[in-house]
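The block underneath contains the structure these notes are about, expressed in C-alpha cells.
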Amino acid sequence: MSADTTSIPMGSGRFDLSGRRALITGSTQGLGLTLARGLARAGASVVINGRTETKVGRVVDTFNVDQLAAAALVMDATDVQGVVEGVQRIENDGRGPIDILVNNVGIHQRAPLAEMSNAAWDTVISTNLTSAFTVSREVAKGMLERKAGKIINICSLMSDLGRPTTGNYAAAKGGLRMLTRAMAVEWAGANIQVNAIGPGYFATELTRELVSDEKFNAWICERTPANRWGNPDELIGAAVFFASSASSFINGQILYVDGGLTASI
Ligand code: GCO
C-alpha cells in the first residue's frame, strides 16, 4: 500500500515548510542558530532552545524583528525531567505541535583517550547522544499519534572518521548515526522520517581553536577536496530537504555536507 503523496505540492512547494513547527536543540548559537534561521526562512515556525533564558530570549527577539515566527524553550537537553516537561510545554502552548525535530545540541571536550577523564567522556556522550534519544522519545510520542513527523540528527564526519583527541565526540556521533537508523526503522511505519546530516569542517564555536591554528587550518584545506572550510549557511539546504515532504520516502540516511572529505582517502 503506497502512502498518499498526491497531496504533496510539486516543484519547489515540496521544500515549503509553511504551517510546520520545528524545534532545534542548542539553537542560540553556531550551527543550531543557522539551521533555525534557515528553517524559519523556509516557512517553519521555530522553537529556539538553550539553557539560559537571556540567550534564548535574545535570539527569539531577533527572529521576531526579522518577522520570523519563533518561540522560546529554555531547557537543558541532558536533564530528563526537564525535557519531559519542556516538550510538553511546547506541545501544549497553543502554537501547534512539533512537526520537525533537529537534534543539534553538542559539545567537544578534546583529550587523548589515555588521559581522558570519565567526566569528559560522560558529558560528551550525554550531551551529544543521550540528549537526542531523550528529546526524540518525548517528541515522537506526539508524532506517533499524528502519524507524521521529521527528525534530523546532526551527526558529523566523525560518525565515520576519527581524529586523535576526539574519541568521546566520535563515539557519540557514531552512536548518533546508528540511533538515526534505529529510530528510522521503528517509526517509518508511522510516517516519521528520521535522517542525519554529517557536517564536515565548519567555522563555529566548536572549532574556534582549530580555525585559529595555522597548521590545522592548512591541513583541513588540503584534506578537504573543496579546499576550504564550510560556511554554516551551506548546511541549510540539507536541513530543509530532510524537514520537508521532498524526503517523504527517505529513512535512516546520513547526508555528508563536507566538501568531499568523507569521499576521499
Ligand atoms: C575536530 C572538529 C570536528 C568537527 C566536526 C565535524 O575536533 O576535529 O571539531 O569534530 O567539529 O565534528 O563534523
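Counting starts at 1 for both ligands and their atoms, in listed order.
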Between the side chains of [Y] and [X], is the shortest nitrogen-to-carboxylate-oxygen separation below 4.0 Å, so that they form an ion pair?
X	Y	value
Asp99	Lys150	no
Asp66	Arg37	yes
Glu234	Arg228	yes

Query raised in the report: Got a sec, which residues hit side chain to side chain contact (heavy atoms under 4.5 Å, CB included) with Glu186, two or more places apart in sequence or on another chain?
Result: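 Per chain and number, Glu186 pairs via side chain to side chain contact (heavy atoms under 4.5 Å, CB included) with no residue.
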Requested in this report: Could you tell me whether the side chains of Asp122 and Ser126 share a donor-acceptor contact shorter than 3.5 Å?
Outcome: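 No, no side-chain donor-acceptor pair sits under 3.5 Å.
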Nitrogen or oxygen contacts under 3.5 Å, ligand 1 side and protein side:
from: ligand 1; atom 1: 7 (O); to: Arg110; atom 2: NE; distance (Å): 2.8
from: ligand 1; atom 1: 7 (O); to: Arg110; atom 2: NH2; distance (Å): 3.3
from: ligand 1; atom 1: 7 (O); to: Arg163; atom 2: NH2; distance (Å): 2.8
from: ligand 1; atom 1: 8 (O); to: Arg163; atom 2: NE; distance (Å): 2.7
from: ligand 1; atom 1: 8 (O); to: Arg163; atom 2: NH2; distance (Å): 3.4
from: ligand 1; atom 1: 8 (O); to: Tyr201; atom 2: OH; distance (Å): 2.7
from: ligand 1; atom 1: 9 (O); to: His108; atom 2: NE2; distance (Å): 3.0
from: ligand 1; atom 1: 9 (O); to: Arg110; atom 2: NH2; distance (Å): 2.8
from: ligand 1; atom 1: 10 (O); to: His108; atom 2: NE2; distance (Å): 2.8
from: ligand 1; atom 1: 12 (O); to: Ser156; atom 2: OG; distance (Å): 2.8
from: ligand 1; atom 1: 12 (O); to: Tyr169; atom 2: OH; distance (Å): 2.9
from: ligand 1; atom 1: 13 (O); to: Ser156; atom 2: OG; distance (Å): 2.8
from: ligand 1; atom 1: 13 (O); to: Leu157; atom 2: N; distance (Å): 3.4
from: ligand 1; atom 1: 13 (O); to: Pro199; atom 2: O; distance (Å): 2.5
from: ligand 1; atom 1: 13 (O); to: Gly200; atom 2: O; distance (Å): 3.3

Requested in this report: With side-chain contact (heavy atoms from CB on, under 4.5 Å) as the test, would you mind laying out the steps for Leu157 and Tyr201 before giving the verdict?
Outcome: CA-CA 8 Å; Leu157 59 82; Tyr201 282 92; 3.5 Å; yes
